[in-house]
Amino acid sequence: MKITAVLLAAGQGTRMKSDLPKVLHPLCGKPMIWHVLEALKEAVTEPPVVVVGHGAEAVTKYLGDSARTVLQEPQLGTGHAAMQAESLLRGNADLVIVTYADMPLLRGETFRRLVETQRLNPGPLSLLTVIADDPRGFGRIVRKADGTVQAIVEEYVATPEQQQIKELNVGAYCFNAEWLWDALKRIEKNPKKGEYYLTDVVEIAVKDNLPVQAVLHDDFSETIGINTRVHLSEAEAAMRARINRTHMLNGVSMTDPASTYIDAGVKIGRDTTLLPNTYIHGTTVIGERNVIGPNTIIRDTTIGNGCKILASVLEGAVLEDEVDMGPFARLRKGAHLKSHVHMGNFGEVKDSTLHEGVKMGHFSYIGNAVIGANTNIGAGTITCNYDGERKHPTVIGEDVFIGSDTMLVAPLTLGDGARTGAGAVVTKDVPEDTLVVGMPARAIRKLERKKKG
Ligand code: UD1
Ligand code: MG
């Protein structure tokens, strides 16, 4: 059986009051529409079709190869939107899920339940409903005396009695494909708004004496639809709680989930502990047994096992195992800290590799540099990597000792075992095992290196 989905994403989203198309507004770090496509993946056998219209260019660009799109122009309502998918899907699907891109909390298993219900339904469609005290502007489910579904009535056309109805149209349907394409053509333009409402297909089925199945859903938090930024913040809170719960059930500790912010798609290994006020964004992947936070922001970063990261900001970085950092450390794009690196307070590293066991305890800037294993970077060291026009590299060997407040004027190479005196301004390469001091620094002595181990 071929099962596909049509995702409606062409509406203007007027109530968001935004220049950004509604479906691209982020929820836990990913556009709303991403969440819906992820959930749909679990229920379909054929790739979904997204109906785009308002902001089509931006939405299509974001989707890239992840979904097929059709254009709805002009946007004449949800029924009219669904109709646009017919040319791509007619004859290519048995069942079609239709849902809205502003319902990002619906789960894959919920769509699957809807599909299963429709598989067994002799009638042409099944739809998802929920019972709630706050109607949030949703369509009301009108049932006949025998309990079967009769119609969906939109809020602004509902009579006062209908407005009291607590069963709401969530906005997820599963149709027999061939029936859907014909029924869509029978929808009449709503006289008040001049739009074609997808919800009117329910009455069309009922008129033809075909049974409509309702799947009553018990998790209201899944059915938060987003029409305003207030709804967006409510959805964010619900999604965040769901993400945190999943990590905790997978073995991640959080002392305060309410102040722990993790984007969708982030991976975290077991026995890692997240302390309060920690933000983990983007494509970040974190291993096992790390202690992170409090007060830490991590974006697009890969972290190994057994690291300690306290009150720091990391972006586009790689940390291997047992790295110890902070408080108040900052890693920028291209920072690569190998195992057992220690980075203390007020350090910044960008586009640089710090090999095993490098120590930089206090107040340093390292940019465009490679630092050999077990080298010690003294307090206040700066790689002067920028001459006002270009960036230049600094290469520091193994077992080097950089004295406090050294300026390393790049391009520059320091050999293994070299040393600089406090306050040195190093403008020329330093051979291995050589001590340089002063401004500009000059060599004063050849050194004998202590054998390690
Ligand atoms: C819709 C339902 C309502 C349901 C609610 C659940 C209709 C008529 N009403 O109302 O019963 O309770 O969702 O969230 O379907 N769209 C298009 N083209 C258009 C118009 C809309 O693609 O011409 C898309 C929008 O981008 C949006 C979705 O359809 O993703 C729903 O549109 P929206 O205006 O948000 O409908 P609701 O008022 O929420
Ligand atoms: Mg809506």
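Every number for a ligand or one of its atoms is a count from 1 in the order of the listing.
- Polar contact check, Leu8 against ligand 1: a nitrogen or oxygen pair lies under 3.5 Å apart.
- Ligand 1 does not have Gln12 within reach: every non-hydrogen atom of the residue lies 4.0 Å or more from it.
- Using cut-offs of 30° and 60° on the angle between ring planes, the pair Phe175 and Trp179 is parallel.
- Salt-bridge formation is detected for the pair Glu167/Arg143: a Lys NZ or Arg NE/NH1/NH2 atom is positioned less than 4.0 Å from an Asp or Glu carboxylate oxygen.
- For ligand 1, the polar-atom distance check against Phe138 finds no nitrogen or oxygen pair separated by under 3.5 Å.
- The residue among Thr14, Thr78, Thr129 with a heavy atom at the shortest distance from atom 8 (C) of ligand 1 is Thr78.
- Judged by distance alone, the side chain of Asp300 and the main-chain N or O of Thr283 form a donor-acceptor pair under 3.5 Å.
- Residues Arg113 and Glu116 are not paired through a salt bridge, judged by the lack of any N-O separation under 4.0 Å between the basic side chain and the carboxylate.
- Asn290 places no side-chain N or O within 3.5 Å of a backbone atom of Ile292 that could act as its donor or acceptor partner.
- Regarding atom 15 (O) of ligand 1, its nearest protein heavy-atom neighbour is Tyr100 OH, 2.5 Å.
- If you look at Asp102 and ask which of its N, O or S atoms sits nearest the Mg ion (ligand 2), the answer is OD2.
- Looking at ligand 1, you won't find any N or O of Met103 less than 3.5 Å from one of its N or O atoms.
- In this structure, Arg136 does not count as a contact residue of ligand 1, since none of its heavy atoms falls inside 4.0 Å of the ligand.
- Of the polar atoms of Asn227, at least one N or O is found under 3.5 Å from an N or O of ligand 1, judged by distance alone.
- With a 4.0 Å heavy-atom cut-off, ligand 1 is reached by the side chain of Arg15 but not by its N, CA, C or O.
- Between Tyr173 and Tyr100, the two ring planes are perpendicular [angle over 60°; tilted spans 30° to 60°].
- The closest approach between a heavy atom of Asp200 and any atom of ligand 1 is not below 4.0 Å.
- Residue Thr199 places no N or O, backbone or side chain, under 3.5 Å from any N or O of ligand 1.
- With Tyr156 as the aromatic partner, Lys193 meets the cation-pi criteria of under 6.0 angstrom to the ring centre and within 45 degrees of the ring axis.
- Here His54 has no heavy atoms under 4.0 Å from ligand 1, in either its backbone or its side chain.
- Distances shorter than 4.0 angstrom occur between a heavy atom of Gly77 and an atom of ligand 1.
- Heavy-atom proximity to Asn169, at under 4.0 Å, picks out these atoms of ligand 1: 3 (C), 4 (C), 6 (C), 11 (O), 12 (O).
- In summary, the atoms of ligand 1 found under 4.0 Å from a heavy atom of Ala101, numbered by their order in the structure, are 30 (O).
- Ligand 1 has an N or O atom lying under 3.5 Å from an N or O atom of Ala10, backbone or side chain.
- For Leu168, the heavy-atom gap to ligand 1 stays at 4.0 angstrom or more.
- When atom types are taken as modelled, the side chain of Thr301 and the backbone of Ala317 share a donor-acceptor pair closer than 3.5 angstrom.
- The shortest N or O to N or O distance between Tyr173 and ligand 1 is not under 3.5 Å.
- Distances from ligand 1 to the non-hydrogen atoms of His80 include no value under 4.0 Å.
- Taking only nitrogen or oxygen atoms, main chain and side chain alike, Gly139 reaches within less than 3.5 Å of ligand 1.
- Judged by distance alone, with hydrogens and angles left aside, the side-chain atoms of His281 form no donor-acceptor pair with the main-chain N or O of Ile298 at under 3.5 Å.
- Although no hydrogens or angles enter the test, the distance criterion places no donor-acceptor pair under 3.5 Å between the side chain of Glu236 and the main chain of Ser233.
- Salt bridge status for Arg140 with Glu155: present, with a side-chain N to carboxylate O gap under 4.0 Å.
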